[in-house]
Amino acid sequence: MTNPELAALFSEIADLLEIQNANPFRIRAYRNASRTIRTFTEPISDIHHDPDRKLTDLPGIGKDLAEKISIVMSTGDLPMRRELLNQIPSGLLALLKLPGLGPKRAAILHQELGITSLSGLRQAIKSKRVRAINGFGAKTEETLLHGIEHLEEVGQQTYLSQAIVEATEIVTHLKTVPALGKISLAGSLRRRKETVRDIDILVTSTNPAHIMDSLADCNRVNSVLSRGDTKMRVRLGTGLELDLRVVTDDSYGAALQYFTGSKEHNIRIRKRAIERGLKVNEYGVFQDNERIAGKNEKDVYEVLDLTWMEPELREDRGEIGQAATGSLPQLIDLPDLKGDLHMHTTATDGRASIQEMIIRSMEHGHQYIAITDHSKRVTMAGGLDETQLRKHWDAIDTAAEQYPSITVLKGIEVDILEDGSLDLPDSVLRDADWVIASLHYGQKQPGDVITRRLLNAVENPSVSAIGHPTGRLIGRRRSYDVDLNMVFKAAAEYGCMLELNAQPSRLDLDDIACMAAKKHGIPIVINSDAHSLDDLSGLQFGVFQARRAGLLPSDVANTRSLSELQQMIR
DNA sequence: GCCGTTTTCGGCCCGACTGTTTTCAGTCG
């Protein structure tokens, strides 16, 4: 059983316990365990099978949960989970995704009306049966119906790239308001999570009502969902929701810290405060009701004996311990990248010419790029056969001659075929400067077959890197069934790089996988996989993900100079 | 159910806002 599967099982148990109104701290224990497992960079099964290691060494895993993990590992399920599901229909869990509906009221809907699914709830609302329950009203029915429709329309996930565009528009609008002081993005957007559920914006002002009125008037805003003295929630025209929080200047740092999260990071921060006889809230750090910090975020951390932490690291994955000992990683940043090693041109499915891609890449400050069009198997994209590819390489050389300040590598994105062979012979691949091997077809093959295909590519000395190694499309297509851990071991052994594909819908490898790859000492290469000129700026999203994984410049191959990079290529 | 620089029991982050209520529980972040 994989870590994500195991994590999902414990998360489901937490949901079920919550509907059962169990001890909230017991529920939290299951959630913490789920998170520990999901973000762990080795297969939990390895620890389970290793007599020298104990599951209880993992944070949040005690004797009981270690025992339960062992049972799941050997039997595939847990008696406790089956018992819970006998009492609570699994369809009820979907209801928890609705805004405004938590476990208590979901349980009431089940008890009073026998509702077990979203569609059941919709029918009950349509026939006005929900408002008949004590504690529910017409307004609740409306909110829930909206929630069901929203869930069906947009789903839950918005790509970071899209959310940034929308958030920037709102920030630009708010900046025109005279009463505005400071303004910052917060929440998961500031932490650069690959998808976000909503946009969080923090501002300072002595006139909150004025700011909120202005937001309500913004033409991007569709409706106001809630509004108080300091906090407002709106729905944008795109369906995305936005939280605005207004504080005074004295509280800006504390509010930014609080509003950036993550929730788990904040819980640990506040626990640390309690240990020191302090209290942290969004207004400041308090000692006996006296505010001792709050104006700057840095001060909030420093009074807790911590250095300031990059928002991307604030996921309670060990960053607080590192901040306490001054050993936080010096994260990679966009200017560290000296080149982009995955892009397409009009020779296949790109929309810009070789020359246009070169010029735009120079504008990004790159010292080198690789042009990597598709190989022939990708017929839809007009993939290149051996003859066409060699001609294309000649064209690349000719175009590059005009631009001596940038090196243009002759590359190829060669397909890993269904039988595990590569789409072009080694005799051709050997003549390339840079070879990315990617899997586009036969994605539904069984895990052992897929893994073998990827291993073949890793073991082939002509292959420089594996492109988008899991094939996932965020929110749209699951990763193919690959044993990533075997790929990591082989990549480390054979010296094959792995890509962090920066396309906002891919971000593949993801942050957890990048951490695992780093542990194996595998060089990561962050590439735009651009199919157009504008796509070239997508590299930043790869960097965000790399930062969330705690990667240093030295962990990423394309932060190196060209000569250093060429020594790393097999 | 976990955990320990006030350790093996008694804690476990903290406040805003809503809807349906007459004072607050539930939900959210």
Side-chain angles (χ1 to χ4, degrees), chain A residues 10 13-14 17-19 21-36 55-69 80 95-109 130-144 147 186-191 193 196-202 208 212 224-233 241-247 251 254-255 257-286 304-305 314 316 324:
Chain A
F10 281 104
I13 290 176
L17 286 172
E18 212 164 10
I19 293 176
N21 200 21
N23 177 346
F25 300 106
R26 185 173 171 227
I27 295 162
R28 183 185 293 172
Y30 279 92
R31 292 213 189 286
N32 286 342
S34 171
R35 199 168 53 92
T36 295
L55 288 167
T56 49
D57 288 340
L58 303 182
I61 308 290
K63 192 161 167 279
D64 182 273
L65 285 173
E67 175 75 26
K68 288 197 166 83
I69 291 172
M80 173 199 185
L95 267 57
L96 297 180
K97 295 201 169 89
L98 294 173
L101 191 67
K104 299 276 195 313
R105 283 146 57 90
I108 292 172
L109 286 171
V130 171
R131 65 180 65 180
I133 306 172
N134 212 355
F136 290 76
K139 193 96 184 215
T140 308
E141 282 187 340
E142 195 190 326
T143 307
L144 292 177
S188 49
L189 201 52
R190 184 168 179 237
R191 302 200 310 280
K193 269 192 78 171
V196 300
R197 241 169 47 91
D198 57 15
I199 294 171
D200 295 306
I201 294 179
L202 174 71
M212 291 192 208
V224 176
L225 299 173
S226 71
R227 177 172 170 171
D229 293 338
T230 65
K231 198 174 152 181
M232 179 173 179
R233 188 167 177 89
E241 295 182 1
L242 181 147
D243 272 328
L244 175 74
R245 185 77 188 258
V246 189
V247 298
S251 295
Q257 194 285 322
Y258 151 77
F259 216 22
T260 297
S262 64
K263 185 179 172 184
E264 291 78 12
H265 174 89
N266 284 354
I267 287 176
R268 200 165 285 274
I269 287 293
R270 290 170 182 201
K271 262 183 172 167
R272 188 177 175 92
I274 291 170
E275 286 164 13
R276 285 166 168 68
L278 305 172
K279 187 176 83 166
V280 176
N281 58 29
E282 57 262 57
Y283 301 109
V285 184
F286 295 88
L304 298 173
D305 303 319
R314 300 184 195 173
D316 187 25

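Values below: every heavy atom of this structure, side chains too, minus hydrogens, waters and symmetry copies. Letters A, B, ... mirror the listed sequences (proteins, then strands); counts begin at 1.
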Identify each atom pair where a protein N or O and an N or O of nucleotides 19-23 of chain B are less than 3.5 Å apart, giving names and distance.
from	atom 1	to	atom 2	distance (Å)
B:dG19	O3'	A:T140	OG1	3.1
B:dT20	OP1	A:G137	N	2.3
B:dT20	OP1	A:G137	O	3.3
B:dT20	OP1	A:T140	OG1	2.8
B:dT21	OP1	A:N134	OD1	3.3

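- For A:R245, taking side-chain heavy atoms from C-beta onward, the closest of the listed nucleotides B:dA16, B:dG1, B:dT18 is B:dA16.
- A distance of about 13 Å separates the C1' atoms of B:dC2 and B:dT7, rounded to the whole Å.
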Polar atom pairs (N or O), protein with nucleotides 3-12 of chain B, under 3.5 Å:
from	atom 1	to	atom 2	distance (Å)
B:dC3	OP1	A:G60	N	2.7

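- Between B:dT23 and B:dT18, the two C1' atoms lie 14 Å apart (nearest whole Å).
- For A:P99, there are no side chain to side chain contact (heavy atoms under 4.5 Å, CB included) partners at least two apart in sequence or on another chain.
- In this structure, A:L304 atom CG and B:dC13 atom C1' are separated by 13 Å, rounded to whole Å.
- Along DNA chain B, the nucleotide nearest to A:E241 and the one nearest to A:R270 differ in position, and the one closer to the 5' end is contacted by A:R270.
- To the nearest whole angstrom, the two P atoms, one in B:dG11 and one in B:dA16, are 25 Å apart.
- Listed by first and then second residue, the salt bridge (Lys or Arg N to Asp or Glu O under 4.0 Å) pairs that reach into residues 270-283 of chain A are A:R245-A:E282, A:R276-A:D305, sequence neighbours excluded.
- Phosphate proximity of B:dG29 to A:R197: present, with a side-chain N or O under 4.0 Å from OP1 or OP2.
- Going from the P atom of B:dT8 to that of B:dC3 covers 16 Å, rounded to whole Å.
- Comparing A:P103 and A:M232 along DNA chain B, the residue whose closest nucleotide (by nearest heavy atom) sits nearer the 5' end is A:M232.
- In this structure, of B:dG15, B:dT27, B:dC17, it is B:dG15 that holds the atom nearest to the side chain of A:E282.
- Nucleotides B:dT6 and B:dG1 have their C1' atoms positioned 23 Å apart, rounded to a whole Å.
- What separates CG of A:D243 from P of B:dG15 is a distance of 18 Å, to the nearest Å.
- Comparing B:dG19 with B:dG10, their C1' atoms are spaced 35 Å from each other, to the whole Å.
- Look at CZ on A:R268: it is 15 Å from P on B:dC2, rounded to the nearest Å.
- Between A:Y283 and B:dA16 there is a side-chain N or O to OP1 or OP2 distance below 4.0 Å.
- As judged by a 4.0 angstrom heavy-atom cut-off over every strand, A:L98 is placed among residues touching the sugar-phosphate backbone only.
- Checked by atom type and distance alone, the side chain of A:N266 pairs as donor or acceptor with a backbone atom of A:Y258 at under 3.5 Å.
- Crowding of A:K193 atom NZ: a count of heavy atoms from other residues, nucleotides or ligands under 6.0 Å not exceeding 12.
- What separates CG of A:D229 from C1' of B:dA16 is a distance of 10 Å, to the nearest Å.
- Residue contacts for A:N266: at a heavy-atom cut-off of 4.0 Å it reaches no nucleic acid atom on any strand shown.
- Side-chain N or O atoms of A:S262 include one that pairs as donor or acceptor with a backbone N or O of A:H265 at under 3.5 Å.
- Applying the side-chain hydrogen bond (donor to acceptor under 3.5 Å, both in side chains) rule to A:R314 yields the partners A:E297, A:Y301; only residues at least two apart in sequence or on another chain are considered.
- The side chain to side chain contact (heavy atoms under 4.5 Å, CB included) test applied to A:S226 returns A:R233, not counting sequence neighbours.
- Residues forming a side chain to side chain contact (heavy atoms under 4.5 Å, CB included) with A:A132 (at least two apart in sequence, or on another chain): none.
- Rounded to whole Å, atom P of B:dA16 lies 14 Å from atom CG of A:L202.
- For the OP1/OP2 pair of B:dC14 and a distance below 4.0 Å, the side-chain nitrogens and oxygens of A:Y258 include no atom meeting the criterion.
- Taking a pair to require two hydrogen-bonding distances under 3.5 Å in either a Watson-Crick or a G-U wobble arrangement, B:dT8 remains unpaired.
- What separates CD of A:E18 from C1' of B:dG26 is a distance of 11 Å, to the nearest Å.
- As rounded to whole Å, 11 Å separates atom P of B:dC28 from atom NZ of A:K231.
- At B:dC28, none of the side-chain N or O atoms of A:K263 fall inside 4.0 Å of OP1 or OP2 (strictly under the cut-off).
- Side-chain contact between A:L17 and A:M80 is present, with heavy atoms from C-beta onward closer than 4.5 Å.
- Applying the side chain to side chain contact (heavy atoms under 4.5 Å, CB included) rule to A:I274 yields no partners; only residues at least two apart in sequence or on another chain are considered.
- If you take atom P in B:dC17 and the same atom in B:dC12, they sit 25 Å apart, rounded to whole Å.
- Look at the P atom in both B:dT20 and B:dG15: the space between them is 27 Å, to the nearest Å.
- Atom C1' of nucleotide B:dG29 and atom CG of A:L242 are separated by 14 Å, given to the nearest angstrom.
- In this structure, CD1 on A:I199 lies 10.0 Å from CG on A:D243, to the nearest 0.5 angstrom.
- Judged as a salt bridge (Lys or Arg N to Asp or Glu O under 4.0 Å), the pairs with a partner in residues 259-269 of chain A (not counting sequence neighbours) are, in order, A:R268-A:D316.
- Checking B:dC2, B:dG29, B:dA16 against the side-chain heavy atoms of A:F259 singles out B:dG29 as nearest.
- Using a 4.0 Å heavy-atom criterion, one finds that A:L101 contacts the sugar-phosphate atoms exclusively.
- Here B:dT7 is in the syn range [glycosidic angle within 90° of 0].
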